[in-house]
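Written out below as structure tokens is the structure these notes cover.
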Amino acid sequence: MVTKSRIVEYLGHGALLLPRLVRSGLEANDRAKVRMTVLQAASTKVGGAGNPSHEMENDFGVPGIEVGAISRLVATAARGDDTMVRADGLSALLADLDADVEAMVAAVEAGAPGAGAGFRERWTERRLDLAAPQDAISFDAVGRITAAGKGADSVHRLIMDLHKALNRLASDTAEEDVDGARCSGLEPGDRRAVAAFMRGLDRTRGLKFDHPGLDTTAARVGDRLLIQNDIGTTDAHVLCIALDDERAALTYSDVHRVRARFFVSLFAELDDVTWSDPTADRAEGLAEGASFTLVTGTLVSRDRDRREAFLVAIGAALVFLVDWNKARKQLRLFVAKDDAVTILRWAARAGHGHRAFLEQGGAKLVDGAIRRVAARHIAYGARLDEAIGRAQAVDFLEQVLRISTEAMLAGRSDRLVRDAVDAELAGRLERSGSSLLQGVVVQAGLARDLAAAASDHLADRLAGRSVDVDTLAARGRRIEGKADLVAIDLRAGAERFGLADAFLPLIDAMEQAIDELEEGVFFLTAIPAGGADDESEARLAALCRAAIGGAEAAARMADAASCVHEGHRHDVDDALAALAELVSAEHRADEEERASIAAVLTAADASAARVFAVVECARRVEGATDRFAHAGHLMRALVIEGLDTRGGRSPV
């Protein structure tokens with residue numbers, strides 16, 4: 001294939017110079033932006049809005065810029081009077097800025113005479129603002145030069161418009177296409193680097209779907225290869241990479257500082273890349289009237305394969321910046337702002353992105369699922385993370401982004417996307433009931449610990465071993481306190497998930513069982529030593545063993561019931577079998593309660609204090625087994641409701 005450059009050379013037309021003029025104009029654009037940044041920094045310092053600190057070597061490493069001169073300019077900036085800024089080299093800087101804009105206008109005039117005439121007229125009017133005799137300029141003139149809003153014209157607005165025109169010319173006059181990148185002046189070795197960048201870009205480009213952006217241009221300028229990508233449609237959202245034989249230096253510009261930080265975070269694993277702090281390179285008034293953030297990333301390596309791997313990684317990451325802020329704002333309707341960024345970072349690293357989510361309606365897709373599936377369980381106006389918990393909300397939204405992307409890539413209908421999102425949310429609400437039942441398992445475990453402590457204490461007494469009643473009482477109080485906290489969390493979860501009616505009675509029954517056991521432990525510590533013929537303590541020990549069995553059966557039933565929603569019949573069978581054990585334990589406890597009371601009442605030498613303590617201990621422990629049985633019947637209702645549910649949502 002004969003390249004355009006060879007054809008132009010063969011024809012010998014003056015258009016041969018156009019690509020070079022365009023490249024010169026683009027280089028002038030880079031220098032002009034730096035000079036305006038320096039001018040703004042000097043004005044900001046003198047005006048009292050701050051004391052900007054620039055790492056000149058990193059920020060302004062642009063050919064044609066003398067770092068020492070601009071450093072001195074900012075360092076010597078001072079107020080001339082109430083209206084003026086003075087600085088060493090200010091007149092020279094503005095003269096250089098004049099020359100840069102002139103080079104840009106000349107390039108556009110050469111390539112697009114019609115548009116060039118309009119730019120020439122605007123430049124003639126704006127050029128007067130750059131006059132600064134004796135290194136002094138007014139604050140008003142600085143504003144007229146650097147302003148970028150939609151009001152009156154300015155040098156900065158002119159430069160931005162010229163940059164767009166030059167990019168169009170660069171595309172129109174490119175000498176060759178390298179895997180979709182419009183290139184000019186490339187040397188043989190450059191094509192491999194451009195191809196590496198485009199390989200990464202093409203790996204993920206499809207995730208932007210129909211959104212414009214990601215156009216790439218490349219050019220050889222002196223001893224460096226420059227690769228530029230426009231990312232999206234925002235004027236200040238640009239990425240440029242400069243490569244030579246020793247390094248790859250990336251410069252990324254963005255009006256959103258948080259997105260700049262997000263971009264850097266995508267390369268956290270690349271520990272051989274040095275990144276600047278996005279907040280350190282911030283110049284006011286350089287993009288659409290807002291702050292302009294610069295981030296630089298540098299890989300120093302003579303290994304060509306390593307540099308090209310870096311290019312692939314950069315290219316593959318760019319699609320995740322397109323419409324990023326729009327997606328972040330929509331996710332923030334459901335979770336905290338930091339969690340919204342976490343979701344977007346997960347989607348980028350998982351290769352899903354967020355553009356499909358926006359294509360499918362974004363926040364409307366999630367709102368629709370809440371309305372269709374969870375209206376009874378999520379209060380109107382409640383944020384999703386407040387309703388179902390932070391971790392659940394973040395994970396659900398991550399899956400929404402995954403579902404949207406996979407569906408669009410597979411060409412599935414919007415209806416199927418909605419159905420999949422509805423099912424994802426419904427499943428989480430079902431699992432919320434399961435998580436509450438797992439909390440009941442924890443309650444049952446604490447109850448068992450109390451019953452076991454009482455049983456061990458009685459075993460020691462019956463064996464004639466020494467016992468420490470204070471330690472037993474303290475242990476009882478400690479377990480009850482922990483159980484109270486668990487119950488508080490479970491009640492809050494039941495309210496949050498909209499399951500209070502189904503679960504609060506169960507949570508209360510288990511908490512009451514623990515309270516009964518703790519009181520039983522208290523009365524156990526108050527029992528005086530018995531007579532030789534008193535069997536009450538042996539019967540109390542058997543009663544405590546029955547309570548242990550009841551607590552264990554309650555735990556098994558709650559655990560099995562939590563799995564019923566998965567549809568396995570054996571979980572239902574296990575739950576009902578555990579209920580049978582609960583009822584059996586409660587019956588044994590009734591018998592042992594009566595036996596222990598009868599034993600102490602018929603003991604010839606039992607004191608009134610002993611009778612009272614034994615009776616109250618027995619009543620409390622047996623009362624706990626009653627509570628276990630009641631909890632079992634409540635869980636049975638949840639299991640049966642889960643089996644009977646058709647088309648609705650089961651609590652479990």
Side-chain angles (χ1 to χ4, degrees), residues 200-215 229-234 237-239 252 254-268 278 293 295 313-370 383-385 390-414 416-422 424-425 428:
L201 195 69
D202 291 339
R203 181 183 300 169
T204 57
R205 185 197 297 271
L207 296 176
K208 76 180 181 69
F209 299 98
D210 293 331
H211 195 282
L214 301 186
D215 294 332
N229 188 279
D230 64 6
I231 305 178
T233 58
T234 306
H237 200 198
V238 175
L239 177 136
Y252 172 74
D254 202 329
V255 294
H256 299 295
R257 183 174 62 182
V258 64
R259 182 167 58 186
R261 290 188 180 279
F262 169 84
F263 174 68
V264 173
S265 74
L266 297 181
F267 305 97
T293 301
V295 179
I314 295 168
L318 296 187
V319 73
F320 304 119
L321 303 175
V322 176
D323 260 356
W324 183 89
N325 202 49
K326 182 178 180 181
R328 180 177 69 104
K329 288 181 178 179
Q330 297 205 26
L331 290 171
R332 283 180 59 184
L333 297 174
F334 308 103
V335 293
K337 59 183 181 180
D338 289 344
D339 287 335
V341 175
T342 296
I343 293 167
L344 291 170
R345 185 179 297 112
W346 175 88
R349 289 178 172 172
H352 302 309
H354 54 268
R355 278 288 308 140
F357 166 67
L358 295 176
E359 291 279 343
Q360 290 295 326
K364 292 182 180 179
L365 177 64
V366 178
D367 282 332
I370 293 172
R383 205 169 69 181
L384 186 64
D385 57 354
R390 174 176 174 265
Q392 285 275 19
V394 168
D395 189 58
F396 167 66
L397 291 171
E398 289 175 349
Q399 297 311 309
V400 170
L401 268 61
R402 175 191 60 79
I403 290 168
S404 300
T405 300
E406 291 178 351
M408 288 196 68
L409 290 176
R412 302 189 189 110
S413 69
D414 294 351
L416 289 178
V417 175
R418 291 195 301 271
D419 289 346
V421 172
D422 287 357
E424 184 72 26
L425 181 57
R428 288 174 188 282

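Numbers for residues simply follow the sequence, beginning at 1. Small disclaimer: the values here were computed from a predicted structure and weren't measured.
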Sequence-distant partners of [X], side chain to side chain donor-acceptor pair (under 3.5 Å), two or more places apart:
{"X": "Asp215", "value": "none"}
{"X": "Arg203", "value": "none"}
{"X": "Asp202", "value": "Arg205"}

Derivation of the side-chain contact (heavy atoms from CB on, under 4.5 Å) call for Val319 and Phe209: CA-CA 10 Å; Val319 73; Phe209 299 98; over 6 Å; no
Cationic N near anionic O, under 4.0 Å, Arg259 to Asp254: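 Between Asp254 and Arg259 there is a salt bridge, with a charged N closer than 4.0 Å to a carboxylate O.
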Can you tell me how far [atom2] of [Y] sits from [atom1] of [X], rounded to the nearest 0.5 angstrom?
{"X": "His256", "Y": "Arg328", "atom1": "NE2", "atom2": "CZ", "answer": "7.5 Å"}
{"X": "Gln360", "Y": "Asp414", "atom1": "CD", "atom2": "CG", "answer": "4.5 Å"}
{"X": "Leu384", "Y": "Ile370", "atom1": "CG", "atom2": "CD1", "answer": "5.0 Å"}
{"X": "Leu425", "Y": "Leu397", "atom1": "CG", "atom2": "CG", "answer": "9.5 Å"}
{"X": "Asp339", "Y": "Arg345", "atom1": "CG", "atom2": "CZ", "answer": "10.5 Å"}
{"X": "Glu398", "Y": "Ile343", "atom1": "CD", "atom2": "CD1", "answer": "6.0 Å"}

Only pairs under 3.5 Å count here: list side-chain donor-acceptor contacts from residues 346-355, not counting sequence neighbours, and write none if there are none.
{"from": "Arg349", "atom 1": "NH2", "to": "Ser265", "atom 2": "O", "distance (Å)": "2.6"}
{"from": "His354", "atom 1": "NE2", "to": "Val322", "atom 2": "O", "distance (Å)": "2.7"}
{"from": "Arg355", "atom 1": "NE", "to": "Lys208", "atom 2": "O", "distance (Å)": "3.3"}
{"from": "Arg355", "atom 1": "NH1", "to": "Asp323", "atom 2": "OD2", "distance (Å)": "3.0"}
{"from": "Arg355", "atom 1": "NH2", "to": "Glu359", "atom 2": "OE2", "distance (Å)": "2.3"}

Heavy-atom pair with the smallest gap, counting every atom of Val295 and Ala260: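 The answer is CG2-CB, 3.7 Å.
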Minimum-distance pair of heavy atoms, taken over all atoms of Asp385 and Ala393: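 Of all heavy-atom pairs spanning Asp385 and Ala393, the closest is CA-CB, 3.6 Å.
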side-chain contact (heavy atoms from CB on, under 4.5 Å) between Phe357 and Ile403, intermediate numbers included: CA-CA 8 Å; Phe357 166 67; Ile403 290 168; over 6 Å; no
Mind checking what makes ring-ring contact (aromatic ring centres under 6.0 Å, His included) contact with Phe262, not counting sequence neighbours?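 With sequence neighbours excluded, Phe262 shows a ring-ring contact (aromatic ring centres under 6.0 Å, His included) to Trp324, given in chain and number order.
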Partner set under ring-ring contact (aromatic ring centres under 6.0 Å, His included) for Tyr252, not counting sequence neighbours: His237, Phe263
Name all pairs fulfilling the side-chain hydrogen bond (donor to acceptor under 3.5 Å, both in side chains) condition that reach into residues 404-413, sequence neighbours left out, sorted by first residue then second.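 Applying side-chain hydrogen bond (donor to acceptor under 3.5 Å, both in side chains) to every pair that reaches into residues 404-413, excluding sequence neighbours, yields Arg402-Glu406.
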According to ring-ring contact (aromatic ring centres under 6.0 Å, His included), does anything in residues 392-413 pair up with another residue at least two apart or in another chain? List the pairs.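 Pairs touching residues 392-413 that pass the test: none.
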Please tabulate, one pair per line, all N/O donor-acceptor pairs under 3.5 Å involving side-chain atoms of residues 330-337, not counting sequence neighbours.
{"from": "Gln330", "atom 1": "OE1", "to": "Ala363", "atom 2": "N", "distance (Å)": "2.7"}

Below 4.5 Å, heavy atoms only, C-beta onward: do [X] and [Y] meet side chain to side chain?
{"X": "Leu214", "Y": "Leu318", "value": "yes"}
{"X": "Asn229", "Y": "Leu201", "value": "yes"}
{"X": "Val417", "Y": "Leu365", "value": "yes"}

